[in-house]
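Have a look at this one before I ask anything.
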Amino acid sequence: MTTTDIITIEPGKRSGKHCIRGMRITVYDILEYLAAGMTQAEILEDFSELTSEDIKACLAFAAAREKSSWSLMIHNL
């Protein structure tokens, strides 16, 4: 699976935020858990429907968005 297979958007789900495989768990939720100090193992234990690939996809998605926003900022200088 690729990041685009894992990260989905559905207008009626979680206000159109980026979710994981159509579930109601957002990329933001996962990033927030990791930032708060939860380990990948703890997240997977709390959300048995998630996989380690889902968490990696969230990190890759966030990195790509950061890279994209940085490029836009530099270009607009």
Side-chain angles (χ1 to χ4, degrees):
M1 283 189 142
T2 66
T3 301
T4 55
D5 294 326
I6 295 172
I7 307 302
T8 60
I9 299 174
E10 295 178 37
K13 191 174 285 177
R14 296 293 303 264
S15 302
K17 294 179 182 172
H18 293 91
C19 292
I20 301 170
R21 293 184 290 113
M23 293 183 269
R24 298 188 61 77
I25 303 168
T26 66
V27 170
Y28 178 83
D29 293 335
I30 298 303
L31 296 175
E32 192 172 53
Y33 298 142
L34 291 168
M38 285 182 78
T39 65
Q40 179 174 315
E42 290 170 328
I43 294 169
L44 294 174
E45 186 177 315
D46 286 353
F47 300 94
S48 60
E49 63 272 29
L50 294 178
T51 67
S52 61
E53 290 301 313
D54 295 333
I55 295 173
K56 289 176 190 173
C58 289
L59 292 170
F61 178 82
R65 284 194 64 159
E66 178 62 21
K67 181 178 182 180
S68 173
S69 68
W70 178 252
S71 296
L72 287 173
M73 187 173 74
I74 297 259
H75 181 30
N76 289 330
L77 289 178

- For atom CD of E42, decide whether the heavy atoms of other residues, nucleotides or ligands shown that lie under 6.0 angstrom number more than 12.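 Enclosed: over 12 neighbouring heavy atoms sit under 6.0 Å from CD of E42.
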
- Can you tell if the side chain of D29 reaches within under 4.5 Å of the side chain of I20, non-hydrogen atoms only?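 Result no, sub-4.5 Å side-chain heavy-atom pair not found.
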
- Query: What heavy-atom pair brings T8 and G22 nearest, and what distance separates the two atoms?
  - Reply: OG1-N, 2.9 Å

- Message: Less than 4.5 Å apart, side chain to side chain, heavy atoms only: is that true for D54 and I25?
- Response: no

- Shortest non-hydrogen contact from G16 to I9?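 Smallest heavy-atom distance, with atoms named: O-CG2, 3.3 Å.
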
- Task: Of all the heavy-atom pairs spanning S52 and L44, show the shortest one and how long it is.
- Result: N-CD2, 3.9 Å

- Query: Parallel under 30°, tilted from 30 to 60°, perpendicular over 60°: which one fits the rings of H18 and F61?
  - Reply: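 H18 vs F61 ring planes: tilted.
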
- Straight-line distance of R24 CZ to E49 CD, nearest 0.5 Å: 12.5 Å

- Starting at CD1 of I30, measure out to CD1 of I43 and round the result to the nearest 0.5 Å.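 Nearest 0.5 Å value for the CD1-CD1 distance: 5.0 Å.
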
- Task: Kindly indicate whether the side chain of L31, heavy atoms from C-beta on, has any atom under 4.5 Å from the side chain of L59.
- Result: yes

- Please report the closest heavy-atom contact between R21 and L50, naming both atoms and the distance.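 In this case the closest contact between R21 and L50 is NH2-CA, 4.0 Å.
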
- Message: Tell me every residue that passes side-chain hydrogen bond (donor to acceptor under 3.5 Å, both in side chains) with K13, counting only those two or more places apart in sequence or in another chain.
- Response: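 For K13 the side-chain hydrogen bond (donor to acceptor under 3.5 Å, both in side chains) partners, ignoring immediate neighbours, are E10.
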
- Item | Point-to-point distance, once rounded to the nearest 0.5 Å, from CZ of F47 to CD1 of I55 | 9.5 Å

- Query: Nearest 0.5 Å, what's the CD1-NZ distance between I7 and K17?
  - Reply: 14.5 Å

- Query: Going from CZ on R14 to OH on Y28, what distance comes out if it is rounded to the nearest 0.5 angstrom?
  - Reply: 10.5 Å

